[in-house]
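Got a structure for you, written out below as structure tokens; questions coming shortly.
Throughout, residue positions are numbered sequentially from 1 according to the sequence presented.
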Amino acid sequence: MELLLTASGLRNDTLRDALRNMLGKPFASSSVVFVPTASVAEPGDHGWMIADMNRLHGLGWREFDVLELNGLPRQTVLDRLLHADVIYVEGGSHYHLARSITGNDLADGFLEALESRVYVGVSAGSMIFSRNLTGHSADVIGDAADLHVLGATTVEPPFGLFDWYLKPHLYSPDFPERDDAWADRIAARADFPIYFIDDETAVRVRDDKVDVISEGRWRFHP
């Protein structure tokens with residue numbers, strides 16, 4: 001399993017080189033599928049999503065597919081995931097993304113695809129692998145309102161691969177409240193490990209090995 005879990009996509013050469021190394025071949029001879037599902041649950045201007053899609057497209061892929069997880073037959077979704085070399089899952093609402101995967105019975109097929117493909121997560125797309133993606137963690141992190149706006153009070157983790165939780169956009173100008181004091185408050189309440197990463201950082205998972213690659217700043221609280 002090869003996962004590159006970013007806060008804001010492939011923002012720098014270190015992250016792009018990491019993906020190229022994980023892929024093992026040039027982007028020009030590879031296909032990518034872009035999954036915008038998490039973004040559609042976010043209100044307001046979506047220029048950030050378009051900018052990230054354009055940045056990804058600009059890497060010069062052999063084929064660039066776009067796939068929404070809701071509304072298509074299950075097997076169609078899984079076939080499109082299996083067709084790609086890289087599965088790139090955009091940010092937005094991690095709760096909507098998790099519920100789309102579980103609600104459409106995609107978790108097992110998704111995991112099967114990840115056995116032989118590279119996964120790149122962006123923000124919400126990076127947050128769905130923790131077994132601590134629950135109503136409890138929503139209270140700890142302080143984003144339970146994002147769950148309630150979907151008409152839910154809890155969420156089922158679609159994969160539950162790790163005990164650690166990932167929280168993106170540390171020090172981001174787009175989220176000015178996410179400073180050290182914010183991270184300290186969450187870490188003091190949490191009863192599970194947390195990675196806080198900025199927009200120039202990714203947590204990389206290669207089978208059982210987990211490390212951090214970064215041109216920015218990050219924190220880990222075990």
Using only heavy-atom distances, determine whether the side chains of Tyr171 and Asp199 contain a donor-acceptor pair under 3.5 Å. no

Would you tell me whether His83 and Ser31 have side-chain atoms, one donor and one acceptor, within less than 3.5 Å of each other? no

So do the side chains of Asn21 and Arg206 get within less than 4.5 Å of each other, counting heavy atoms only? yes

Hey, can you tell me if Trp182 and Phe196 have their rings parallel, tilted or perpendicular (30° and 60° cut-offs)? perpendicular

Quick note, salt bridge (charged side-chain N to carboxylate O under 4.0 Å, His left out) partners involving residues 138-148, not counting sequence neighbours, are Asp143-Lys167

Check: Arg74 and Val77 side chains under 4.5 Å, non-hydrogen atoms: no

Tell me, do Leu3 and Phe162 make a side-chain contact under 4.5 Å, heavy atoms counted? yes

Drop me the distance from Asn132's CG to Tyr165's OH, to the nearest 0.5 angstrom. 9.0 Å

Looking at side-chain heavy atoms only, is the closest gap between Val205 and Phe129 below 4.5 Å? no

The remaining residues in the hydrophobic cluster of Leu4, counting side-chain heavy-atom contacts under 4.5 Å among Ile, Leu, Val, Met, Phe, Trp and Tyr, are Leu10, Leu15, Leu19, Met22, Leu23, Phe27, Val32, Phe34, Trp48, Met49, Ile50, Met53, Leu56, Leu59, Trp61, Phe64, Val66, Val86, Tyr88, Val118, Val120, Val122, Ile213

Quick one: does Pro158's side chain get under 4.5 Å of Phe110's, heavy atoms only? no

Please report the C-alpha distance between Tyr95 and Val149 in whole Å, then the side-chain angles of each, then the deciding distance to 0.1 Å, and finally whether the side-chain contact (heavy atoms from CB on, under 4.5 Å) criterion is met. CA-CA 10 Å; Tyr95 297 125; Val149 78; over 6 Å; no

